[in-house]
Amino acid sequence: LSIEDGLGQKFITPESLYHDFNTLGSTLVRVFCEVWGFQPNKCTHHESVSHLAVASGLRYIGSTSLSYPVKRITEIIDFKQGYMFNTVNGLEPMRQGWELRSLKEFHKLARCRFSRVFFIMLCKLALQMNLQITFIIIFRILHKQQGVHDMVKMKVVGCSSIVSLLFTFAVELLDVIWVFGIFSDVRRAVKGTIAEVGDSSKCYAVHDFILQEDGHESNQRIIHSGKDLKAAYYEAVRVSWRLMLITLLSTWLIGYALVKFFCAVRCEHGAWEFENGCLQPFDDTVDPTSQCLPSIF
């Protein structure tokens with residue numbers, strides 16, 4: 001890769017540069033919350049663009065934030081691409097530390113995906129679909145009480161909005177399943193090394209890089225031990241569990257919303273409750289003449 005500066009064209013190796021930087025959130029965590037056990041996470045420019053895409057609702061940049069890290073993780077595992085090492089010829093790539101590097105790349109992927117799962121799947125889609133279906137049920141009950149029986153237009157609009165939300169949720173769900181598959185591949189690749197050196201404090205890998213600070217470049221080195229590898233693996237496990245819990249909660253809310261809509265349409269008076277089934281139009285008593293899925297509820 002080459003760039004042009006005031007002195008002309010300059011060839012650089014992106015992997016040799018240290019791109020992690022502190023955001024406002026990580027700075028606040030380091031200043032006020034680190035004493036309570038919270039660890040600040042540095043961010044890369046790719047992560048910041050991906051989070052901006054989530055805030056802006058851009059789907060295509062969100063897809064790039066998934067496909068690019070997946071490709072990087074796959075290359076690191078397949079070709080055993082470890083950290084750079086400072087030799088007499090400069091920084092050269094080595095095989096040592098590829099397990100830790102793949103785990104750290106997965107951390108970046110999982111952080112971006114967790115933002116999408118929480119804000120898009122849970123807050124925007126699951127909760128919005130429940131609220132939207134509740135409004136549709138209320139309008140149907142009001143129209144039935146007013147004697148309006150021609151509700152084709154409202155049914156079409158309601159079903160169209162529900163189908164669009166369900167389609168978007170299914171796409172996000174497939175992406176989460178893809179992330180779980182990547183974590184399974186990473187776990188399968190690194191678990192042998194973790195079993196060997198996970199409890200060791202000896203040097204496991206060396207990461208040499210060039211730090212650009214205040215307009216000057218300096219060679220820096222980070223020494224990783226086997227315990228660092230094990231800690232990185234456990235962090236990947238924790239973030240995967242968080243992803244799974246939020247995904248299961250969102251899926252349950254979506255499923256409940258669909259069951260609520262289906263049963264409200266099947267019930268004669270348009271009112272349905274999870275415990276009692278179909279209800280009378282003006283009170284909470286059970287309607288014995290109309291039931292939804294009687295074999296289940």
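All heavy atoms count here, side chains included; hydrogens, waters and symmetry mates do not. Quick caveat: nothing in here was measured; it's all calculated off a predicted structure.
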Mind checking whether [X] and [Y] have side chains closer than 4.5 Å, heavy atoms only?
| X | Y | answer |
| --- | --- | --- |
| Phe169 | Met129 | no |
| Ile246 | Met121 | no |
| Gln81 | Trp98 | no |
| Leu166 | Leu258 | yes |
| Asp208 | Asn219 | no |
| Phe183 | Val239 | no |

Exercise. Please, which pairs that meet salt bridge (charged side-chain N to carboxylate O under 4.0 Å, His left out) have at least one residue in residues 224-245, sequence neighbours excluded?
Worked result: Asp199-Lys230
Exercise. Would Tyr83 and His224 satisfy ring-ring contact (aromatic ring centres under 6.0 Å, His included), going step by step from the backbone distance to the final call?
Worked result: CA-CA 11 Å; Tyr83 287 114; His224 300 286; 5.5 Å; yes
For this session: Flag yes if more than 12 heavy atoms outside Tyr234 fall under 6.0 Å of its OH atom; otherwise flag no.
Result: no
Exercise. For atom CZ of Phe118, is the number of surrounding heavy atoms from other residues, nucleotides or ligands below 6.0 Å larger than 12?
Worked result: no
For this session: Start with the C-alpha gap between Lys260 and Thr134, add the side-chain angles, then the distance that decides, and say whether side-chain hydrogen bond (donor to acceptor under 3.5 Å, both in side chains) holds.
Result: CA-CA 8 Å; Lys260 179 170 62 176; Thr134 301; 3.0 Å; yes
For this session: Decide whether Ser115 and Arg111 meet the rule of one side-chain donor and one side-chain acceptor closer than 3.5 Å.
Result: no
